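Worksheet: the structure to be examined is printed underneath.
Values reported hereafter were calculated over all heavy atoms of this structure, with side chains retained and with hydrogens, waters and symmetry mates removed. All figures in this text were calculated on a predicted structure; none of them were measured in a lab. Below, chain A is the first sequence line, B the second, and so on; all start at residue 1.
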Amino acid sequence: MDRYDHQSIEKKWQERWAKEKSFHASDTSRREKKYILDMFPYPSAEGLHVGHPEGYTASDIYSRYLRMKGFEVLHPMGFDAFGLPAENYALKTGTHPAVTTAKNIENMRRQIQSLGFSYDWDREVITSDPKYYRWTQWIFLKLFEHGLAYEADAPINWCPKDKTGLANEEVIDGKCERCGTPVTKKKIKQWLVKITDERYIERLLNDLDKVDWPENIKLLQKNWIGKSEGAEIVFKIQNPKLQTRELTVFTTRPDTIFGATYMVVAPEHPLVQDALSMVENKSEVEKYIHSAVNKSDLERTDLVKVKTGVELKGIKAIRPVDGQEIPIWAADYVLMSYGTGAIMAVPAHDQRDFEFAKKYSLPVKQVMAPFFQNTEDLKLRSDKPMVRRKLVYGIVRNPKNNDVLCLRWKKYDWVSFVVGGVEDGEDLITAAKREIAEETGYINLKFVEEINWQTHFTFFAKHKNENRYGMASGVVFDLVDETRHQIHNEEKEKHEPVWVSEHKVLDAVTHLNAKEIWQYYVKPAAFIGEGVAINSGEYDGLTTVQCKKKIIARLEKDGRGRFKVQYKLRDWLFSRQRYWGEPIPIVHCEHCRKQKKETIVIIHGTGSNGKANWYDWLATKLRELGHQVIVPDMPDSKQPDREQWLTALETLKNAFDEHTILIGHSLGGIAAMYFLASRKKKIKKLILVAPTSTEMDWTEFQKQHPDNPAAWQRKFHEAELRYADVQKNTEKISYYYSDNDAYIPAEIPEWYKKKLRGDYHLLPGRNHFSLKNGHAYTFPEVLEEIVGKNPLPVGVNPVHEKDLPVELPNVKKYEPTGTGESPLASIEKWVNVKCPKCGKPAKRETNTMPQWAGSNWYFLRYCDPKNDKKLADPKKLEKWLPVDMYIGGAEHAVLHLLYARFIYKFLCDIEVVPKSFVKKHGDEPFTKLKNQGLILGEDGQKMSKSRGNVINPDEVIKKFGADTMRMYEMFMGPFEDAKPWSTQGMIGVKRFLERVWNVFVDQPAQVSAPAMATMNKRTHQLVKKITVDIEQFKFNTAVSEYMKYTNAVAEAPAEFLKQDFEVLLRLLSPFAPHLSEELWEQLGHKESISKEPWPSFDPKLIVEDEITIVVQINGKVRDQMKVASDISEDEAKKLALSSEKVLKWLDGKQPKKVIYIKGRLVSIVV
RNA sequence: GCCGCCGUGGUGGAAUUGGUAUACACAAGGGACUUAAAAUCCCUCGGUCGCAAGGCCUUGUCGGUUCGAGUCCGACCGGCGGCACCA
């Protein structure tokens, strides 16, 4: 036999596998399927990186292993071929990106194939192929149809010098990668995908629990989604001249609302512009806003530590719970992009607000007291009464040496400050002074400061035989001189004064609440934990959790707020101003846009406002679709006056024409009718939602609702209402009512039915369509009535499905336009098209999709890569999905994996993936995920051209062979860890493979011996270990196991037979397939080793008959003994205790305890 | 700052999940074969004391739980990754 010539062997087998399509995945096979997926690469000009084969080898080993185990394995490969580098190269050289890309793909495919991976190349997908991106575009159309893709102004990174938009990767340290100019933000109209949609976001969060992924990746996604629960609270703004009457904030701590001492809005907040004309410090505000808005991201993050802001002088907000007026500031520590862009600042309980308040001397009001519950001997006793006491800590400092006066308690192991009760009518300072004199005798004290900080605690007061609830704050004094009064004996028995150095106070003091006060005194900070409400009126004494609930309930009742869930996740920016990407299949049509849209006016009911109930939700939805919506706050809504309301509506008269839809809820309904009856012109539609009526019995109403003064209502409904005129002045009437409305008796809708023609909709169980009874935040029925089932924005028209793909035009120039538009915008021939809706001249969308667009669904296409009728045949999807194992780099932990999950869920929802399948397998695409660790350069640094530590896989393969490279990459270390490359280390693996080869050369007798005897025990053990290691992705220990095994063979070759070698080759074939195939063939087999079954082992044969047991004395190994593996506990102990060494170590002493761990050790305790 | 992960010989790493720490490999040193080199094979290889038998110490540092800790708990030190004013 020849020398191990890896080059010719590897070439031979790669050609044979390709020719015979050895790794074809059959769609029709009856065998159980497995789908093993690699993250497909970007075809870069540099070609393959040594990092790629790590993941590919692992997945290849796993795939080959599963095939041998009898599974039908889908193991595909493709290319994520759209992207920036090809476009940048085109800019430089004029070479078409398609050409560059094709060349790079060819090279990379060759490199990948030279490693002998078992891909089914017939299923290759390339995202830049029109046959592929046709379906990427199709998915976009579906997203658009379902309201999940929309246009909005969004900021892009903009290089003012190059006049071009930049991708995030092109921004290095806040500067343009090419010219070094600081990057600014520019707002342009862009496409966004609504990944935050309520139909998806909770599923994206919760379904993480259903997948077998590394915990850190799941956590990364969870944090990225960033869910927080709290409340949305509406603050009234007192200045009547402002258009903005309200400021809505989001907070996770509604329980601290009484501590909101000021408001902050982001510099970009609309209130700022609105208020500008009437603030007293206009130029100051303007200056601040200008500098804040123009700060780059870099500057904003750089200045994290220094918060800046400016007060909007002359404008105040009103705290809803107690009507307190508080100032409003604009500051860039509040971000427009999160929540509502405005906060209520609670400096006592939020660190950022605290820093800001300190800097600008704003009041800090504590409303949550830290609470400590004492345990052990101070534990509360349920049979004793609870007494609340106000306490004060008297902290005395000696200015000469900075020592602090403490008390050491004699009966207990305590140290505290002087502490005592505050008597009724006594102020803190007097009380503290009195206690200090009584307990320590010091009388000459100089008042320094009151620590305006309360802590609460409970304990059982033994001396009084009662439970105590203490509320403590502190007063600080300086010691003037050491004059001391006599102390009572009673006090002397209890405790003694001790002086503690100020640095040691925290260690010395034993009471947690005293420590807390001291800490606040030394370094005041916000208390962000949970506690007990104080200074909060009727809410005092409630815990944070209780207080949150009560305050939210109160705000909801008042229509001033509601429970709210907020996420950090933003919508997915889905357009790029680039050439080399999928064109967005949309046509913008001016003609369609110009068609008149409806104006919608919503009139609220008694005691409500325009933001309450479902009004805001409906208004937002309608505005998103391009409608004009007016939701006026009606004057004096608690005591509504008809004439005032009609006057208010009269001021909106320009809004009423034949396109107007008027919605009135409750009293707003009757108001709408009075208004309509007084007019001469028609409107389009009147929608009445549980309207009141002139027929209402207000006496009965008052009985039912004693807290709701009906007098105003009665007065409102007194005037005559000509229902015929109402009917006359509207094209259509639509009426919504409920079957359990506490305010509108059931006969009222019946009465209306006779009086007004229209569509009457009964919606059971909806109460009065208001917040007070239930959670009427949304009203999808009315929305659908106005805009239809799947509303689309006007003038933005999707390309017909049959016209897909919208192919990229062939161009010569790739320069950006300088306006921030895509290079496609200048290709007039392509841009100008007929509107797919009206046929008039229109323009194509010129933005292209981001790279994620093609990569978030490619694993579906592998199931049916050539289908030109559908994205993929449902039957084939059913056959292969979900992906059983997905392998790739952790850098895709958040974006790619989140987007892919989202798109997959969407495709499940629209039944591209069959419903029955989803029901059975769920809607998570990747059951199991493994991240390969980074391969570093030989210097332990990240590989990079500039460091010159890049390893070229082509050279490695040429010199050492594909099998050696594959095995070495597995041997380097744990699959998921980062690890440095070592060419030296590879030599060890190469030697190993040569040894395997030489075993056949040197031991022909044994190898060819007839396989009569049973397989070696060592081989059984090998089968077990390798099987377990592959299942657990512990490839590094698997390789070491092969090495140990061959070392054992080399030591005693005569003990191993042909069948042992055959098993070794089968086990080795996933790791080193070329060598294994070659030797397998040389052993006389005709069929490929990949078609062989995976070896099995006999568990009985693995057990050694003789094992070594260790004897420990007091935890130290003192002896070893060889015993039969089935030795009993008693025998083992007896044997251990009789060992010579053990006797010597025991030295006559009797063992206290003897522990036996089966098959491991005997532990003797002396 | 917050969240997560990690720290074992000269190096990459192993350790049956709480049970003989340093498997397997690389490097280094010594030897065999050879005119020589490469290749190959054999021996040594955590530290320290000892002629030896053997003892003592050792998994970033300190402390704890346990018969027993690289593994569990607490504090600290150092490194890596993610997020970064998210109300």
Side-chain angles (χ1 to χ4, degrees), chain A residues 3 214-224 226-228 230-231 249-253 256 260 264 266 300-301 303-307 331-335 337-346 349-353 355-356 528 566-570 890-891 893-894 933-934 936 938 940 968 971-974 976-989 991-992 994-995 998 1025 1028 1034 1036-1047 1050 1108-1120 1141 1151-1166:
Chain A
R3 175 180 76 81
E215 283 305 315
N216 61 324
I217 302 285
K218 291 202 221 176
L219 200 72
L220 240 50
Q221 290 219 356
K222 258 182 202 161
N223 292 342
W224 190 261
K227 179 180 179 173
S228 38
V249 303
F250 172 74
T251 176
T252 53
R253 295 297 300 272
T256 63
V264 187
R300 274 209 185 186
T301 48
L303 301 172
V304 162
K305 287 196 176 78
V306 199
K307 295 198 185 354
D332 67 359
Y333 82 92
V334 170
L335 309 172
S337 52
Y338 182 75
T340 61
I343 61 158
M344 61 173 205
V346 185
H349 303 289
D350 182 284
Q351 194 54 34
R352 296 153 303 188
D353 297 342
E355 284 162 24
F356 191 79
I528 57 171
Q566 189 69 48
Y567 302 90
K568 279 194 228 176
L569 185 68
R570 311 282 152 80
E891 68 272 19
V894 178
L934 210 62
L936 308 168
E938 297 208 71
Y968 171 64
F971 186 54
M972 289 169 83
E976 309 209 48
D977 288 6
K979 46 221 171 263
W981 182 267
S982 159
T983 302
Q984 273 301 339
M986 196 145 46
I987 289 172
V989 175
R991 280 183 196 147
F992 158 74
E994 275 168 351
R995 201 171 302 154
N998 290 334
K1025 175 75 174 154
V1028 168
K1034 290 169 82 172
N1036 55 331
T1037 53
V1039 175
S1040 96
E1041 195 63 23
Y1042 292 125
M1043 289 171 168
K1044 281 190 218 172
Y1045 181 82
T1046 42
N1047 289 348
T1108 305
I1109 281 190
V1110 160
V1111 186
Q1112 292 187 339
I1113 297 174
N1114 287 342
K1116 297 211 174 199
V1117 179
R1118 294 305 183 192
D1119 198 9
Q1120 301 183 356
K1141 283 183 189 163
K1152 279 187 202 148
K1153 207 169 165 188
V1154 181
I1155 295 153
Y1156 174 66
I1157 306 294
K1158 193 166 181 295
R1160 298 251 159 255
L1161 53 74
V1162 177
S1163 184
I1164 301 166
V1165 190
V1166 187

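Out of U17(B), C41(B), C24(B), the shortest distance to the side chain of K1034(A) is found at U17(B). Of the candidates C85(B), A27(B), G12(B), the closest approach to any side-chain atom of Q984(A) belongs to A27(B). Comparing atom distances between the R1118(A) side chain and each of G55(B), C85(B), A23(B) picks out G55(B) as nearest. Here the nucleotide nearest the side chain of V1165(A), chosen from G13(B), U40(B), C67(B), is C67(B). The listed nucleotides are A14(B), A87(B), C41(B); the one nearest the side chain of F250(A) is A87(B). Out of C67(B), A25(B), G13(B), the shortest distance to the side chain of K979(A) is found at G13(B). Between C67(B), A87(B), A21(B), one nucleotide has an atom nearer to the side chain of I1155(A) than all others, and that is C67(B). Distances were taken from every side-chain heavy atom of V334(A) (C-beta onward) to each of A87(B), C57(B), C85(B); the shortest belongs to A87(B). Here C26(B) is the nucleotide among C41(B), G19(B), C26(B) with the atom lying nearest to any side-chain atom of R991(A). You'll find that the side chain of L219(A) is closest to G4(B), out of G4(B), G13(B), C85(B).
Rounded to whole Å, the C1' atom of G7(B) lies 14 Å from the corresponding atom of U71(B). Using C1' as the reference atom, A28(B) and C45(B) are 8 Å apart when rounded to the nearest Å. Separation of the C1' atoms belonging to G10(B) and U65(B) is 36 Å when rounded to the nearest angstrom. Comparing C76(B) with A25(B), their P atoms sit 42 Å apart, to the nearest whole Å. Between U44(B) and U22(B), the distance separating the two P atoms is 15 Å to the nearest Å. Taking atom C1' in both G19(B) and U11(B), the straight-line distance is 29 Å, to the nearest Å. For the C1' atoms, the distance linking A14(B) with G70(B) amounts to 12 Å, nearest Å. Nucleotides C42(B) and C26(B) have their P atoms positioned 12 Å apart, rounded to a whole Å.
Among the protein residues, Y1042(A) comes within range of no part of the nucleic acid, since none of its heavy atoms lies under 4.0 Å from any strand. Residue-level contact check: L1161(A) touches the bases, meaning some heavy atom is under 4.0 Å from a base atom. Within 4.0 Å of A978(A), counting heavy atoms only, lie sugar-phosphate atoms of the nucleic acid but no base atom.
Note that K307(A) lies outside the cation-pi zone of F356(A), set by a 6.0 Å cut-off to the ring centre and a 45° limit from the axis.
One donor-acceptor pair, N or O on each side, does fall under 3.5 Å between the base of G19(B) and the side chain of Q1112(A). No N or O donor and acceptor, one from the side chain of K1152(A) and one from the base of C67(B), sit under 3.5 Å apart.
Under 3.5 Å, the side chains of S228(A) and Y338(A) contain a donor-acceptor pair of N or O atoms.
Sorted by residue number, the members of residues 337-346 of chain A with any non-hydrogen atom under 4.0 Å from RNA chain B read Y338(A), I343(A).
Here the side chains of V346(A) and M344(A) are in contact, with some heavy-atom distance below 4.5 Å. Here the side chains of V1162(A) and I1164(A) are in contact, with some heavy-atom distance below 4.5 Å. The shortest distance between side-chain heavy atoms of D353(A) and Y333(A) falls below 4.5 Å.
Judged by distance alone, the side chain of N1114(A) and the main-chain N or O of V1165(A) form no donor-acceptor pair under 3.5 Å.
Nearer the 5' end of RNA chain B, as judged by each residue's closest nucleotide, is the contact made by T1108(A), out of I987(A) and T1108(A).
A salt bridge links E215(A) to K218(A): one of the charged nitrogens lies within less than 4.0 Å of a carboxylate oxygen.
Classified by its glycosidic torsion, U17(B) falls in the syn category, the angle being within 90° of 0. Classification of G74(B) as anti follows from a glycosidic angle more than 90° from 0.
When both distances must be under 3.5 Å, the Watson-Crick or G-U wobble mate of C24(B) is G12(B).
The distance from atom CG of L934(A) to atom CD of E891(A), rounded to the nearest 0.5 Å, is 7.5 Å.
The CG-P distance, from N223(A) to C83(B), rounds to 11 Å in whole Å.
M1043(A) and F971(A) make their closest contact through SD-CZ, 3.9 Å (heavy atoms, listed as atom of the first residue, atom of the second, distance).
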